[in-house]
Amino acid sequence: MEETSTMPDSAVPGPAPAVPPTPPVPLAALLAREDLGLRQIAGPQDSATVIHWAHTSEMADPYPYLLGGELLLTAGVHVPEAAGSGTYFDDYVSRIVEAGGAALGFGVAPVHDTVPRALVVACDDYGLPLVEVPPRTTFSGVARAVWQLMAQARHTELRRVTEAQQSLAAAAARPDPVPSVLRQLAQRVGGRAALYAPDGGEVASAGRMPAAGAGTGARGEVSGALAGLVAVVRPATGNGSGAGTGDVSAGSGTGAGKGPGGGGPTPSSASDTAAGVHLAAYALGTGQGFVLGVAAPRRDPGDHTIASVGAVLLSLLTGEHQSSTGAARSSALVRLLLGAAPEEVAPLLGGGERWVVVHARPDGPAPDAVTASALGAALGSALVDVDGDVVRVLVPAGRRELTVQPGWTCGVSAAVGPHEWGSGDTQAGRALSRARATRARLVRHGEHQGLADLVPPTEAAAHARTVLAPITANPALTETLRTWLSLHGSWDRTAVALSVHRNTVRQRIARCATLLSTDLDDPDVRMELWFALRHA
């Protein structure tokens, strides 16, 4: 029997998405759809029961084909005639529960006139919700309804995240930015947000600490568990990179491992208890030592995205409070304005003798200060400049390997000394232009560089239009010339490639030579035409 399923992209293993995952659908919301006519006839009627996708199977043992969280749909084709008098339904339901299935939908007709009584009893015994699907409702209609409800939930969640991002950004612009951001974050997650200093002390906090149980002692337990998680994710040395998070539940058995570092919030190990209080911690910036701790009574799909935005904003707000880095940068700027040479101020920036310049352009809207600063943090530098739709970052060479940043197209200069910063800026700009022209995510200066790379793409395109203008109106001539040149002037190979007669190739090439008023046997002419065709 063929297995079919419908599931969201979030169910497929892969890189963590940049947007909140699709929220699950409450089973009660599906039962409330009058157009479906579904009716729960067995199992617990719990409002907390949710389904992550719908899956149709007529296998006697569906366990190998389930991922967990499904609404399993079946018409009972697999049910033998004598199933009601044996253990068939007990075995069948126990395997669904063991696989983590959320609910079972049984279609009435054409195989069975009613839901087998033994199946109803088994679902009650194993605590599996059993839903009767009437004859007029198809399984594809149920699956479509699941998708519709998931789309609505995702839209609601994305709107919630967008509103939270806007409120957090507005809070960061207030006169008391750190407390304001913490208040907004605590309000959005329905719990508590706290900023911890490098020594582990709580600098500021907002919101109410959720309790793992009743009473003040339970809140104290949660507070201690959060402090412990903060200690885990705090960089052990001054060169930590990025943020680590842990998503755990407070109570007995709580624990978390150190999350992998580098570039952005990443999950550490997690464990759950019956208490259900979710904790998360984010190390701020690069080696600052500040940590954001968040405790919430639940964890909705968008909460991690919201907390990550808060972590980025707090990282920017706390960056100047760690050591004298900000003062040193201000001093370097003043000295440059007063005429000092770059090599004289470079030591104030703490980057060593060699630097690389990065030009980056986002895939989406033009970057703002927060987006640019987040990119700089990912690259390991606070020396960031927003220049229109391009972000320029001055990065100490050798501090870390520069990698492709999701959502950005980057050009990277060669390593240069301070006196060559201007040259590095030009190199990075040209590398970014090559990256965009070739649709590469990252291009380094000097990689596969040729004479054509020395000409800006806009100028090359303008030159190509001028050179090829006499034949542009005839695509057949242009394509024939391109193919003929790429095959080193071979008539036969060009004819085969274009599926035309070799005499047709000769006639078209002769026509091109006439219209272009040039000698196509001249290698210099061929080189210039090939250059023009590449940039046309």
Side-chain angles (χ1 to χ4, degrees), residues 8-22 154 157-158 161-162 164-166 168-169 233 240-247 259-268 280 282-286 292 301-316 356-395 399-413 428-429 431-445 447:
D9 292 340
S10 58
V12 180
V19 296
T22 301
R154 182 171 179 80
E157 189 69 4
L158 287 174
V161 170
T162 300
Q165 291 173 333
Q166 293 172 346
L168 287 169
V233 303
S241 60
T245 70
D247 181 10
T266 52
S268 70
Y282 300 81
L284 305 183
T286 305
L292 168 65
D303 285 346
H304 176 68
T305 303
I306 294 172
S308 297
V309 173
V312 170
L313 292 172
L314 290 171
S315 179
L316 298 176
V356 295
V357 182
V358 178
H359 280 211
R361 183 166 178 166
D363 296 342
D368 54 22
V370 174
T371 304
S373 296
L375 174 66
L379 296 175
S381 175
L383 302 174
V384 178
D385 171 49
V386 181
D387 185 10
D389 56 359
V390 174
V391 176
R392 302 190 296 177
V393 188
L394 187 60
V395 183
R399 174 170 292 182
R400 69 173 69 172
E401 178 66 21
L402 296 180
T403 58
V404 175
Q405 298 300 313
W408 294 86
T409 300
C410 299
V412 182
S413 75
L432 176 60
S433 297
R434 290 197 298 275
R436 298 187 61 209
T438 59
R439 298 184 179 179
R441 281 297 181 183
L442 185 146
V443 169
R444 300 176 187 275
H445 174 75
E447 290 182 340

Roughly how far, to the nearest 0.5 Å, is the CZ atom of Arg392 from the CG atom of Leu432? 12.0 Å
What pairs with Asp387 under side-chain hydrogen bond (donor to acceptor under 3.5 Å, both in side chains), at least two apart in sequence or on another chain? none
Residue list, side chain to side chain contact (heavy atoms under 4.5 Å, CB included) with Val309, at least two apart or on another chain: Gln165, Leu168, Leu313
Over all atoms of both residues, closest heavy-atom pair of Leu284 and Ser315: C-OG, 3.8 Å
Specify the closest pair of heavy atoms between Ala431 and His445, including all atoms of both residues, with the distance to one decimal. CB-N, 4.2 Å
Atom of Ala428, atom of Val357 and distance for their closest heavy-atom approach: CB-O, 3.4 Å
Applying side-chain hydrogen bond (donor to acceptor under 3.5 Å, both in side chains), can you list everything that pairs with Arg361, at least two apart in sequence or on another chain? Asp389
Least distance between heavy atoms, Gly388 atom then Ala366 atom: O-CB, 4.4 Å
For a side-chain contact (heavy atoms from CB on, under 4.5 Å) check, start with the C-alpha distance between Tyr282 and Leu314, then their side-chain angles and the critical distance, and finish with the verdict. CA-CA 10 Å; Tyr282 300 81; Leu314 290 171; over 6 Å; no
Nearest heavy-atom contact between Cys410 and Ala360 is SG-CB, 3.7 Å
